[in-house]
Asker: 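Take a look at the following structure, please.
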Amino acid sequence: MSALTLWRHARLATMTTTAPWGWIERGALLTQGPRLHWVGPEADLPAGLAPQAEHDLGGALVTPGLIDCHTHLVYGGHRAREFEMRLQGASYEDIARAGGGIRSSVAATRAADDATLFESARARALALMAEGVTTIEVKSGYGLNFDDEARCLRVARRLAHELPLTVRTTSLAAHALPPEFDGRADDYIDAITQWLPRWHAEGLVDAVDGFCERIGFTVAQTRCVFEAARALGLPVKLHAEQLSDMGGAALAAQFGALSCDHLEHLNAAGIEAMARAGTVAVLLPGAFYFLRETRLPPVTALRAAGVPLAIASDHNPGSSPGLSLLLMLHMACMLFRLTPEEALQGVTVHASRALGLAATRGSLEAGKQADFAVWELDHPNELAYWFGRNPCRFVVRAGAAR
Ligand code: NIG
Ligand code: FE
């Protein structure tokens, strides 16, 4: 048996379902290599173990490492000029239809070399990690051709090699129609279905996403992409019902989607389909705020249907340029009326499920990966309460202090 490390005198929000917050007032964690060997009240520590190292956390709050389950972290340039245009009255959809929006980030991404893409994505990942994040999802979607999508996915993979961070990659080639396919959306979808097996063969893809929207792709086109994913055994997820009710969530649920994301315009049938399929609803208050949306996602109905609610940054240059997951907890409470406990569940247990990682991440339990954050806070409800402040003292990732 390899060496044990004891982390004692902690106030634990384990995020298991044993108690609100999975709370343990005076808790301890025993880690063994990258895993949690034992978690519980310090008074119940199993006898006869001789941990090789011991850390007194002085009563600090400990939570699972946070999980940002929806980001678009790899892109070139930024869209501050479009932000100014929107402040002067142009809408996000107007800008997209005029060839700006996602397409302008595609041009900047294609023009950026690998080193530039990597360095900018690395800086963004570090900003998320500083607030206790140990796992992120990264989508492609700003390359929109075979080579540039692959480049962006390789950058995402490289983040995991060079940083103490778990990265799940998602192909979002079906994000927008690239200019070379103007007027030929079906041909572009067909191209994606041919590219996917090649990206997958290189080990670049953990899941497949799409943008089912008036300014994105139709339900029928999204279905083609999902069928290609299914043929490869890859899980799917969807940007669904963000700007209009397309019925994308119901389609995604038919494919057993890990998550449907945004969901401001989700209807009752979509909620029911998600509940039946066990699909997670990923709420993105940053995009709601930055696009000045007024229609709220149907949180009460999702909750009543038992759909797990996750929260993510949706970091991207067009609709959510923020890099604070803690701010998203605050905004999920303020804008979407989640409770602080639901907000923390949304970036731990439910976020792990949205990435298909529930068996190994998202809560502090024996057998899971030893990813946890130590906070300068008294109570976990403070994670959603403060904003513009980083109370993270340090992070342990795969058993090692980061
Ligand atoms: O998640 N909805 C589509 N995709 C992104 C925005 C992309 C962009 O504007 O660059 C989102 O909000
Ligand atoms: Fe997104």
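It should be emphasised that the depicted structure is a prediction, and the values quoted were computed from it without experimental measurement. Quick note: numbers below take in every heavy atom, side chains included, and nothing from hydrogens, waters or symmetry partners. Every number for a ligand or one of its atoms is a count from 1 in the order of the listing.
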Asker: Numbering the atoms of ligand 1 from 1, which are under 4.0 Å from a heavy atom of His262?
Answerer: 1 (O), 2 (N), 11 (C), 12 (O)
Asker: If you have a sec, work out which protein heavy atom is nearest atom 12 (O) of ligand 1 and how many Å separate them, to one decimal?
Answerer: Ser319 OG, 2.5 Å
Asker: Which atoms of ligand 1 are found less than 4.0 Å from any heavy atom of Gln242?
Answerer: 2 (N), 3 (C), 12 (O)
Asker: Of all the atoms in ligand 1, which lie at a distance below 4.0 Å from a heavy atom belonging to Asp314?
Answerer: 1 (O), 11 (C), 12 (O)
Asker: Side chain or backbone of Glu213 under 4.0 Å from ligand 1, or both, or neither, by non-hydrogen atoms?
Answerer: neither
Asker: For the pair Asp209 and Lys139, find out whether any cationic side-chain nitrogen is under 4.0 Å from an anionic carboxylate oxygen.
Answerer: yes
Asker: Could you list the atoms of ligand 1 found under 4.0 angstrom from a heavy atom of His70?
Answerer: 1 (O)
Asker: Can a donor-acceptor pair be found, under 3.5 Å and without considering hydrogens, that links the side chain of Glu131 to the backbone of Leu325?
Answerer: yes
Asker: Centres of the Tyr385 and His330 rings: under 6.0 Å?
Answerer: no
Asker: Tell me if the centroids of the rings in Phe394 and His55 come within less than 6.0 Å of each other.
Answerer: no
Asker: Can we call the ring centroids of Trp21 and His379 under 6.0 Å apart?
Answerer: yes
Asker: Between Glu84 and Arg81, is there a side-chain N and carboxylate O pair less than 4.0 Å apart?
Answerer: yes
Asker: Run the salt-bridge test on Asp94 and Arg97 with the 4.0 Å N-O cut-off and return the result as yes or no.
Answerer: no
Asker: Using non-hydrogen atoms of the residue, decide whether Tyr142 is closer than 4.0 angstrom to ligand 1.
Answerer: yes
Asker: Is a donor on one side and an acceptor on the other found under 3.5 Å between the side chain of Arg124 and the backbone of Glu119?
Answerer: no
Asker: Is any protein N, O or S atom closer than 2.8 Å to the Fe ion (ligand 2), and if so, which?
Answerer: His70 NE2, His72 NE2, His239 NE2, Asp314 OD1
Asker: Mark the output for His175 as yes if a heavy-atom distance to ligand 1 is under 4.0 Å, and as no if none is.
Answerer: yes
Asker: Keeping the roles fixed (side chain from Glu241, backbone from Met246), state whether a donor-acceptor pair exists under 3.5 Å.
Answerer: yes
Asker: Any idea which atoms of ligand 1 are less than 4.0 Å away from a heavy-atom of Ile102?
Answerer: 7 (C), 8 (C), 9 (O), 10 (O)
Asker: Show the atoms of ligand 1 that are less than 4.0 angstrom away from any heavy atom in Tyr92.
Answerer: 6 (C), 7 (C), 8 (C), 9 (O)
Asker: Determine the sole option in Glu137, His70, His72 for which the side-chain hydrogen bond (donor to acceptor under 3.5 Å, both in side chains) test with Thr170 is passed.
Answerer: Glu137
Asker: Evaluate the criterion salt bridge (Lys or Arg N to Asp or Glu O under 4.0 Å) for residue pair Arg103 and Asp182; output intermediate values, then yes/no.
Answerer: CA-CA 12 Å; Arg103 274 192 182 191; Asp182 252 339; 2.8 Å; yes
Asker: Hey, which atoms in ligand 1 end up nearer than 4.0 Å to a heavy atom of His72?
Answerer: 1 (O), 4 (N), 5 (C), 11 (C)
